Amino acid sequence: MEGLFSLSGAVTTVVILLITVFLFCEGLGLFKSSAVEKGYVLCVNSANPVNSLKSYDIKQIFDYEIENWINVAGDYDKEITVFRFEEVFDRYSEDELGADYNLLPEKLGEIISSDAGIIAFIPEKYTPKNVEGVKILKENNISLSDFFAGSEWIPTATPAPQFGVLPLITGTLWVSLFAILIALPLGIGVAVYLSELAGERMRKLLKPLIELLAGIPSVVYGFFGLIVLVPLVQRVFNLSVGETGFTGSVILAIMALPTIISVAEDAMRNTPRAMREASLALGATHWQTIYKVIIPYAASGISAAVVLGIGRAIGETMAVLMVTGNAAVIPATLFEPVRTIPATIAAELGETAAGSSHYQALFLLGCILFIITMLISITAEMISKRQLNKGL
Amino acid sequence: MKKILLITAILLSVVYIISAQKIKGSDTVLPLSQEEAENYMKKHPEAMITVTGGGSGVGISALLEGTTDIAQSSRKIKFDERQKLQSTGKTVKEVIIAYDALAVVVHPSNPVKNMTREQLEGIFTGKIRNWKELGGEDMKIIPYSRETSSGTYEFFKESVLKKRNYMNGIMSMPATGAIIQSISQTKGGIGYVGLAYINNNVKSINISYDEGKTFTAPSVANALNKTYPIVRPLFYYYTIDNETIVKPFVDYILSAEGQKLVDKIGFIKVK
């Protein structure tokens with residue numbers, strides 16, 4: 001029997017470890033994949049001095065934001081002609097390309113060598129090889145700075161998807177931070193009321209009601225947020241959009257409240273009767289007893305409540321996905337749309353090709369989320385230990 | 001939600017692995033495939049077809065792994081997905097089963113009626129930011145987009161934005177219903193939805209692809225007579241070696257009876 005228990009413990013630990021390893025393995029693969037979409041290469045005319053391009057510059061070129069080579073290739077003053085692979089079918093008929101497209105590389109070679117300002121985005125398979133006038137750009141891998149310092153999250157941009165996670169990380173922290181700022185005073189207030197001030201009947205009525213709130217599925221909260229809270233926020237603050245970080249924070253605060261209240265209340269009620277009575281016997285008022293004795297005594301429980309609340313806020317997906325507008329910009333105020341990490345993973349994983357760089361980027365986002373929550377738990381653990389000694 | 005769908009899909013595929021044809025993929029095509037499969041099974045009681053969603057990408061990667069017989073998709077198969085399929089020695093066949101038209105919608109109180117493709121491109125790439133520039137009120141434009149995972153997102157980008165990227169930090173909504181909801185409560189909002197989703201809470205815009213010479217209202221009739229420009233095909237993909245198994249069902253969809261259902265669901269017939 002004992003063996004059975006230790007076995008189940010061992011199995012659980014191993015499974016959790018394996019999941020973590022899998023997460024990191026998939027995610028870190030991103031830095032080994034090319035900044036250009038898999039299976040494709042970029043070619044330029046060989047008169048062009050450029051040898052490789054930064055991922056962001058490629059995106060700007062293909063969006064027609066950069067229109068002259070002088071902006072990216074030193075002193076090469078030529079207009080950029082953007083050429084996408086499909087355009088070859090507008091220039092040549094299927095017959096001219098030969099059976100099974102075997103003449104395609106040759107034709108692409110002609111196109112590229114005849115235009116000095118061209119940048120062509122073509123499949124690797126049909127790349128003109130050893131053709132005079134064609135230069136294949138060296139492929140860079142996605143770099144750490146592209147990922148962690150990039151401020152644009154456009155994972156489906158072709159040819160160079162942009163995986164800047166800065167807006168997502170800041171969005172997640174921003175929404176969670178304000179959710180906790182709203183939920184914490186409210187939650188502790190309710191917990192104090194329930195454990196110290198409310199009568200027995202009131203408490204028996206309220207506690208199950210609050211715990212019921214924790215059982216409502218998050219998608220229901222999201223729906224409520226979209227229908228009720230979004231228009232309300234828009235009207236009250238006179239904004240042009242109601243889907244803002246603030247709306248998300250409020251929803252998350254409501255969702256985190258039941259956890260915070262019930263854990264904090266349990267902690268406060270666990271204060272020994274002897275301590276309360278000692279405090280009252282020394283002449284302290286009821287209120288003084290609450291904030292000088294009971295709250296310090298329950299500090300570890302309260303910080304556990306905070307951690308659980310933050311955990312719920314940071315990892316929450318569905319409700320946030322529905323009310324924050326999901327715009328991937330680094331938030332400057334609370335009243336603009338934000339995009340969080342969990343919402344991004346949930347919304348995008350369904351359509352990514354397995355093993356693609358987008359897929360790996362989403363796994364890496366999962367790793368980041370994992371690290372953030374781990375850091376929070378460790379900090380909370382440390383804080384609660386320290387306060388426990390002080391309180392006694 | 002996706003996870004639940006995925007788990008259901010896995011469970012279902014385990015249960016039906018021996019006896020059935022499986023269709024998997026795009027959520028846009030899902031209601032059509034379900035309706036078609038139901039009617040087909042009524043006529044052919046021996047047939048067993050299971051339809052699951054998850055997204056176009058999910059369907060195509062399931063086809064790659066051989067866990068589905070047909071992948072339903074609202075976008076064309078990507079080049080490297082096709083390469084991957086070919087590298088396993090299979091040839092993939094593509095069938096267009098219906099068309100879907102996209103309508104551009106705004107808040108009902110918005111006075112703007114017509115827009116050209118170039119104006120739409122300006123709005124969604126962030127060049128045009130105020131309704132004043134389009135002859136409307138002095139009000140900020142709030143463009144709503146679908147999530148990047150959606151086939152609709154890709155198609156709109158290809159057709160209307162001419163492959164330019166959406167502006168950085170565009171609002172992206174997880175579902176068409178959410179776009180309708182948001183636009184109906186945001187005065188400066190603009191977004192795109194499938195034709196079948198239009199209702200009285202939003203106003204659809206007449207579109208011109210010829211620089212403002214003719215503006216066409218989004219409707220099934222206009223999509224059928226090819227005057228409405230933002231129309232996309234919906235695909236079925238299957239591998240040639242599987243053709244004998246899936247052919248009868250695909251033929252049924254393309255038959256007059258199957259196409260009647262296409263019309264009923266709110267898509268546009270192939271013929």
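Lettering of chains follows the sequences in order, A, B, ..., and the numbering in each one begins at 1. Just so it is clear, the model here is predicted, and its values are computed rather than measured.
At a 4.5 Å heavy-atom cutoff, A:Phe223 makes no contact with chain B through either its backbone or its side chain. Only the backbone of A:Ser151 comes within contact range of chain B, with heavy atoms under 4.5 Å apart. For a residue to count as touching a neighbouring chain, one of its non-hydrogen atoms must lie under 4.5 Å from one of that chain's; by this rule B:Ile170 touches chain A with the backbone only. Heavy atoms of A:Ile154 lying under 4.5 Å from chain B belong exclusively to its side chain. For a residue to count as touching a neighbouring chain, one of its non-hydrogen atoms must lie under 4.5 Å from one of that chain's; by this rule A:Glu37 touches chain B with the side chain only. Heavy-atom distances place both the backbone and the side chain of A:Glu152 under 4.5 Å from chain B. Looking at A:Glu65, only its side chain comes within 4.5 Å of chain B, counting heavy atoms on both sides. If you measure heavy-atom distances from B:Lys157 to chain A, the contacts under 4.5 Å come from the side chain alone. Both the backbone and the side chain of B:Ser182 come within contact range of chain A, judged by heavy atoms closer than 4.5 Å.
Between the B:Gln185 side chain and the A:Leu226 main chain, a donor and an acceptor come within less than 3.5 Å of each other. Side-chain atoms of A:Asp63 come within 3.5 Å of backbone N or O of B:Asn165 as a donor-acceptor pair. A donor-acceptor pair is defined here as one N or O able to donate and one able to accept, closer than 3.5 Å; such a pair exists between the side chain of B:Ser172 and the backbone of A:Asn326.
By the 4.5 Å heavy-atom criterion applied to side chains, B:Lys162 and A:Tyr64 are not counted as neighbours.
Interface summary for chain B: among A:Glu336, A:His358, A:Gln234, the most heavy-atom pairs under 4.5 angstrom belong to A:Gln234.
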